[in-house]
Protein chains: 4
Amino acid sequence: MKLRVYYEDTDSLGMVYHANYLKFIERARSEAFFALAKSPEGANFYFVVRSMNLKFARSAKLGDLLETRSRLIEMRSASFSLAQEIFLGETLIFSAIVELAHIKNGKPAAIAPETKERLSAVFGE
Amino acid sequence: MKLRVYYEDTDSLGMVYHANYLKFIERARSEAFFALAKSPEGANFYFVVRSMNLKFARSAKLGDLLETRSRLIEMRSASFSLAQEIFLGETLIFSAIVELAHIKNGKPAAIAPETKERLSAVFGE
Amino acid sequence: MKLRVYYEDTDSLGMVYHANYLKFIERARSEAFFALAKSPEGANFYFVVRSMNLKFARSAKLGDLLETRSRLIEMRSASFSLAQEIFLGETLIFSAIVELAHIKNGKPAAIAPETKERLSAVFGE
Amino acid sequence: MKLRVYYEDTDSLGMVYHANYLKFIERARSEAFFALAKSPEGANFYFVVRSMNLKFARSAKLGDLLETRSRLIEMRSASFSLAQEIFLGETLIFSAIVELAHIKNGKPAAIAPETKERLSAVFGE
């Protein structure tokens with residue numbers, strides 16, 4: 001997924017404000033979830049972020065065209081983990097390990113086998 | 001209401017990103033609505049912005065301590081208008097005329113006389 | 001310009017937070033300015049928003065694919081005005097009249113004839 | 001440091017959007033840095049986030065009055081680490097380990113002994 005850095009993403013140090021990288025990788029996850037289900041919320045289940053490990057390797061600036069790459073690194077019964085990276089060309093800007101918990105009817109719940117398969121298909125094995 | 005400019009509010013031009021002044025005046029309105037009702041959403045009614053006229057007079061920067069001033073300028077049956085200004089000391093940074101529509105059970109609805117009185121009390125006559 | 005509504009854009013009323021429409025139309029302007037000049041800031045000039053008239057016609061929600069449309073409505077010596085609209089399919093969500101002032105070396109300055117021509121070309125006459 | 005949850009902080013799941021907790025703890029750091037130096041950028045040095053470990057324990061919602069608590073956990077020659085937590089009353093909402101690198105004249109640089117002392121004073125031992 002490609003995304004552009006706009007003024008809203010930068011701060012007065014002239015670079016992308018650090019918290020906004022979390023928005024960028026969330027957009028990538030949402031596009032994947034939109035592909036899984038037409039209506040992610042209407043479908044009565046969703047995934048919430050439980051933990052994250054983040055590394056800020058380099059800075060991106062206004063106008064940069066970034067690329068996010070996401071891959072599944074662990075599937076558990078009621079949660080899974082993704083490695084998500086942001087690149088500017090071949091330069092790594094930001095990397096994250098994101099643990100996502102499955103919520104159904106407002107509570108943590110086991111992920112259905114079909115959903116597991118589809119997550120694996122969307123985010124790679 | 002006093003508020004501080006943080007990195008999140010600025011952009012790469014070194015000043016507050018223009019759309020963030022709308023967040024600042026919304027915080028001031030929300031504090032007023034929180035004072036009107038303990039639970040603004042639970043109360044089953046709220047106000048949505050229908051239109052705005054904005055003037056960007058000067059820029060604010062990181063660390064500035066701004067002040068918002070809000071006053072009622074017109075009360076109508078199902079909506080009302082506020083003048084909201086943001087100052088840095090005595091310097092006007094930003095001014096807005098904000099038209100707010102009353103929504104009850106998901107639809108525009110007349111504002112109850114008690115609510116009108118309380119709005120007048122909170123935002124001046 | 002097409003843009004997707006992500007979680008970051010919504011608020012607890014379930015719709016796009018009103019100030020975020022300003023981000024959407026700013027992205028459209030920035031793409032146009034990026035097309036005008038490879039490095040909009042390095043080029044030593046830029047445009048700042050001086051005033052805005054906004055109408056919030058309908059709400060957009062998570063996952064919606066919106067489209068922005070921008071056109072030049074008035075060119076002046078040191079500023080110009082755009083009409084910018086956001087549509088969901090054929091439904092008008094939001095419309096704005098945006099007055100932009102030309103800043104060169106930190107001060108308001110006349111817009112060069114070539115820049116006027118290019119703005120007219122990018123935003124239509 | 002106390003902070004209120006406004007509409008801008010929430011998303012369509014009705015809770016605080018996860019990336020916004022990073023804004024909250026950054027505000028707490030900035031207040032501390034503002035206290036260290038009147039003009040943090042003018043002073044020609046600042047701290048950038050190099051890495052973060054985040055745990056999202058509970059959700060906060062519109063109107064909640066949150067409190068951030070920050071304490072120094074490790075001081076190194078050119079960087080230091082803080083533990084930062086967000087509470088709603090006595091309930092832990094969010095916790096982070098934040099590694100901050102010292103940047104002077106655009107490059108990583110050793111932290112002066114006086115600055116170390118002042119950081120220790122501001123963030124606890």
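Note on naming: letters A, B, ... go to the chains in the order of the sequence lines (proteins, then strands), and numbering restarts at 1 for each one.
- Rounded to the nearest 0.5 Å, atoms OH (A:Tyr6) and OH (B:Tyr17) are 10.5 Å apart.
- More than 12 heavy atoms of other residues, nucleotides or ligands shown are found within 6.0 angstrom of CZ on B:Arg76.
- Panel note: side chain A:Ser12, backbone B:Gly14; no donor-acceptor pair is recorded below 3.5 Å.
- Interatomic distance, B:Glu8 CD to A:His18 NE2, rounded to the nearest 0.5 Å: 9.5 Å.
- Taking each heavy atom of A:Asp11 and B:Tyr7 in turn, the nearest pair found is CB-O, 3.4 Å.
- A 6.0 Å sphere centred on NZ of B:Lys55 holds no more than 12 heavy atoms belonging to other residues, nucleotides or ligands.
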